[in-house]
Amino acid sequence: MATHGGPEDDGDLTALRERAEAGDRDAVDQLVELAGERRDLVELRRLADAGSRAALDELVQVAAEEEDLDTLRALAEAGHRDAVDVLEELEGGRPT
């Protein structure tokens, strides 16, 4: 399958990250979308730590789908209400 030179290429990702760091909201949104598609928790965490609410929401969603309880616990401890809710739901069916 041929690539179309999209932002998935390393050089394009680097340029997109640079734009995002310079405050380009469109670049941030694109990075969040790409990271979500790749299920890249590291990239989502980096974007969330930089202040992206969309990245934080996507991080919770991907962590929930992956049942990554450690990530969800860290987010819940940091006060993210959605992470608390998802964690309670996931742990609710598990023996203690």
Side-chain angles (χ1 to χ4, degrees):
M1 183 170 164
T3 62
H4 299 294
E8 298 83 15
D9 298 331
D10 285 340
D12 291 338
L13 274 175
T14 300
L16 203 53
R17 287 180 183 124
E18 289 171 357
R19 287 179 36 217
E21 289 173 13
D24 184 332
R25 297 295 309 155
D26 289 335
V28 172
D29 292 343
Q30 288 179 342
L31 284 172
V32 169
E33 183 178 342
L34 290 169
E37 290 171 2
R38 291 189 327 264
R39 309 186 79 64
D40 185 343
L41 295 175
V42 172
E43 181 86 14
L44 289 169
R45 170 62 86 176
R46 187 185 67 73
L47 293 164
D49 288 347
S52 171
R53 176 67 189 190
L56 186 56
D57 293 342
E58 187 71 18
L59 180 60
V60 170
Q61 181 176 331
V62 172
E65 291 169 0
E66 298 288 326
E67 294 190 19
D68 183 340
L69 300 181
D70 291 336
T71 296
L72 290 168
R73 282 187 193 105
L75 292 169
E77 289 172 6
H80 193 283
R81 185 69 218 163
D82 290 342
V84 171
D85 294 342
V86 169
L87 191 57
E88 287 174 356
E89 184 177 314
L90 288 174
E91 289 184 326
R94 294 175 190 244
T96 57

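Values in this document were obtained by computation on a predicted structure and should not be read as measured data.
- Side chains of Leu31 and Arg46 form a contact here, defined as non-hydrogen atoms less than 4.5 Å apart.
- Scanning all heavy atoms of the two residues, the minimum distance from Ala63 to Leu41 falls at N-CD2, 4.1 Å.
- Put simply, CD on Glu21 and CZ on Arg19 are 12.5 Å apart, with the number rounded to the nearest 0.5 Å.
- The CD atom of Glu67 sits 10.5 Å away from atom CD of Glu91, with the distance rounded to the nearest 0.5 Å.
- Following chains of ILVMFWY side-chain contacts shorter than 4.5 Å, one can reach Leu34 starting from Val60, so the two form part of one hydrophobic cluster.
- By the 4.5 Å heavy-atom criterion applied to side chains, Val86 and Gln61 are not counted as neighbours.
- The shortest distance between side-chain heavy atoms of Arg45 and Leu75 falls below 4.5 Å.
- Note on Leu13 and Leu44: same hydrophobic cluster, where clusters join Ile, Leu, Val, Met, Phe, Trp and Tyr whose side-chain heavy atoms are under 4.5 Å apart, directly or indirectly.
- For the side chain to side chain contact (heavy atoms under 4.5 Å, CB included) criterion with Leu90, the lone passing option out of Leu72, Asp85, Asp68 is Leu72.
- Remark: Leu59 CG to His80 NE2 distance equals 8.0 Å, nearest 0.5 Å.
- Salt-bridge annotation for Asp70 and Arg73: present, with a side-chain N of the basic residue lying under 4.0 Å from a carboxylate O of the acidic one.
- Annotation: the span from Arg38 atom CZ to Glu43 atom CD amounts to 5.5 Å, rounded to 0.5 Å.
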